[in-house]
Amino acid sequence: MVLASGPYRYWVPNSVIGRFGSRGATGPPPVAQAALQQSRWVSNRFTRICDTSAEGMVTDLLPPTDRPTTATPAAANRSPSTAAGQRTRLVLDTSVLISDPSCVSAFSDCDVVIPLTVVEELDGLKRRLDDVGRSARAALRSLEDLRVRHGGSLAHPVPTDAGGTLQIEINNIRKHLLVEHGLDPSIPDNRIIGAAIGQAELGPTTMVSNDAALRIKAAHLGVSAAEHQLARRDDQRSASGWSTLEAPHELIDCLYAAGAVAIDALAEHGATTESTFEQNEFAVLRCGSQSALVRVVGDEFVLLSSSVPEAWGLRPRSKEQRFALELLLDPSISVLALDGRAGTGKTILAIAAGLEQVVEQNRFERLAVYRPLVPVGRADVGFLPGGLDEKLDPWMAAIHDAVVALTDRGNINDARDLVDELTVRGQLSLESVTFLRGRSLQRQMVVIDEAQNLEPTTLRTILTRVGDGTKVVFTGDTSQIDAPYLAESNNALSVLSSAFAGQRCFGHITLTACERSDVASLAAELL
């Protein structure tokens, strides 16, 4: 092989070039990297190294005169190949297919590219018995359906139902650019980035991933990177489930006199609103010292009762908790999402409302509390001693703490006796979300705690278990996620709030004020 640089030519045996490992999966060894760096030092105009199996081929290190120079990955996005009218290429990471297995056919007017490395990672994850394994199997089935429908191969772009195309990229991985930037091509994430760099030379390309580290590395190498958004919120008002509006005093007076006013009356009285209101959304109408708490029902603002609701002796400490308790005690609300940071009262409100409606009102036959088993480290439930109840006991400690707070004296022994009594009577059950598949929940108040650690596919599994007369409450903190492959926008709680928004049977409240104690409130603010 001849290496040409300016007036000099260097003869390098092909056997030496073969040892560089340019075609290997692990990348060039350190000695080969040093040799490559030396060759780049010879010429500042280095563009690429083309290896070949033919003897006597010449590899020219000078940029050809018939095409523009592509010296860095960033330049690929600025090359003439990104002409106007070209569709965007989306390179999907494994985390995207795990969080949304059906997304391969959901991107419209885009050319979706899945590196073969992603298929390998899905193949390794499909054996898991948790939500990640189920999502991996679902994603592989989606790819297999497309493959069968379009001739048996996805090596070339095939059309999808949304109007885009999908292709599995086998080659076109720019390993030499990964090595040049200090990235090991043997790491799957780096190979995915290398595939995105190769696509960027063909057209405008965006790397889509829920892995922040992968997005950072991709952007550093000049490839656009974005997070996959399953749930999109238009503004902060819709995210919280309630808002504060300025209203004329005539409207507030009419509201107290009639008990309800039309939403359009706000505009008629000169008040301005940013957007439309969803069903079961709350608002605080304010005019100077006058105020009114209202709820959206149909096309009206309905005034809340002057009597504050109470559940199992628990009274709300803020207007947010008041709104949450209104929805928790409303028989017409079948699905409810409570979001908020630690100490805002999500779990205790749900448990109190459940005990009130099961024990006192007999509206439901049982309060069923489910929690996902997301361990810290590797201390999974199977490693804990004892039977199933003893294994689940540490995971249900938060529920026991809520019952302790609801007892008259806040005594842990009284709370344990209450839990045991209700369990024996069949009015309370504490279980893992793992055991929900195949169940049918009839006339139960179901509380799904820590729902931010659930996959969207699990959300569908839970809601399809709901039978007649059942109410499901999801609680969690979307800013504190412990499960891998999940982010603030693609977990079960966020997806539920986005998908069910506007339904008459659904309500959503985000709690912000910490009510656990003064110390907890200070810690949340100062730390």
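Positions are given from 1, in the same order as the sequence printed here. The analysis underlying the following values was restricted to heavy atoms, covering all of them including side chains, and did not include hydrogens, waters or symmetry mates.
With hydrogens and angles ignored, the 3.5 Å screen pairs a side-chain donor or acceptor of Thr205 with a backbone N or O of Gln199.
Considering only heavy atoms from C-beta on, Leu183 comes within 4.5 Å of Lys217 through its side chain. The closest side-chain heavy-atom distance from Val118 to Leu116 is not below 4.5 Å. The side-chain heavy atoms of Leu336 and Val472, taken from C-beta on, include no pair separated by under 4.5 Å. The shortest distance between side-chain heavy atoms of Pro185 and Ile173 does not fall below 4.5 Å. Looking only at side-chain heavy atoms (C-beta outward), Ile462 and Leu454 come within less than 4.5 Å of each other.
A perpendicular orientation is assigned to the rings of His181 and His220, their planes being inclined by more than 60° (bins at 30° and 60°).
Of the N and O atoms on the side chains of Thr512 and Glu320, at least one donor lies less than 3.5 Å from an acceptor on the other residue. In this structure, a donor-acceptor pair under 3.5 Å is present between the side chains of Asp184 and Ser186. Between Gln279 and Glu281, the side chains place no donor N or O within less than 3.5 Å of an acceptor N or O (distance only, hydrogens not considered).
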Item to check | Candidate pair Ser243 and Phe282, rule side-chain contact (heavy atoms from CB on, under 4.5 Å), full reasoning | outcome: CA-CA 7 Å; Ser243 59; Phe282 294 87; over 6 Å; no
Next on the checklist: Before you tell me yes or no, could you show the steps for Ser95 and Asp93 under side-chain hydrogen bond (donor to acceptor under 3.5 Å, both in side chains), namely the whole-Å CA-CA distance, both residues' side-chain angles and the distance that decides it to 0.1 Å?
Outcome noted: CA-CA 5 Å; Ser95 59; Asp93 178 31; 2.9 Å; yes
Checklist entry - Where do His228 and Asp100 land on the side-chain contact (heavy atoms from CB on, under 4.5 Å) test, with the steps shown first? => result CA-CA 9 Å; His228 180 49; Asp100 188 7; 3.3 Å; yes
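Here CD1 of Ile216 is found 10.5 Å from CD1 of Ile193. Values are rounded to the nearest 0.5 Å. Expressed to the nearest 0.5 Å, how far CD of Gln321 lies from CD1 of Ile348 amounts to 8.5 Å. From His508, atom NE2 reaches atom CD of Gln503 across 15.0 Å, with rounding to the nearest 0.5 Å. Note that CD1 of Ile168 and CZ of Arg147 are 9.0 Å apart. Values are rounded to the nearest 0.5 Å. Between Leu122 atom CG and Leu97 atom CG the span is 5.5 Å, to the nearest 0.5 Å. Between the OG1 atom of Thr244 and the NZ atom of Lys319 there is a distance of 6.0 Å, given to the nearest 0.5 Å.
Of the charged side-chain nitrogens involved, none lies within less than 4.0 Å of a carboxylate oxygen, so that Asp477 and Arg341 do not count as a salt-bridged pair. With respect to the salt-bridge test (charged N to carboxylate O, under 4.0 angstrom), the residues Arg149 and Asp161 qualify. Taking a cutoff of 4.0 Å between a charged side-chain nitrogen and a carboxylate oxygen, Glu169 and Arg191 do not qualify as a salt bridge. The residues Arg174 and Glu201 are annotated as salt-bridged, a charged nitrogen and a carboxylate oxygen being separated by less than 4.0 angstrom. Asp111 has no carboxylate O lying under 4.0 Å from a charged side-chain N of Arg89, or vice versa, which leaves the two without a salt bridge.
Heavy-atom contacts from other residues, nucleotides or ligands closer than 6.0 Å to CZ of Phe506 number more than 12.
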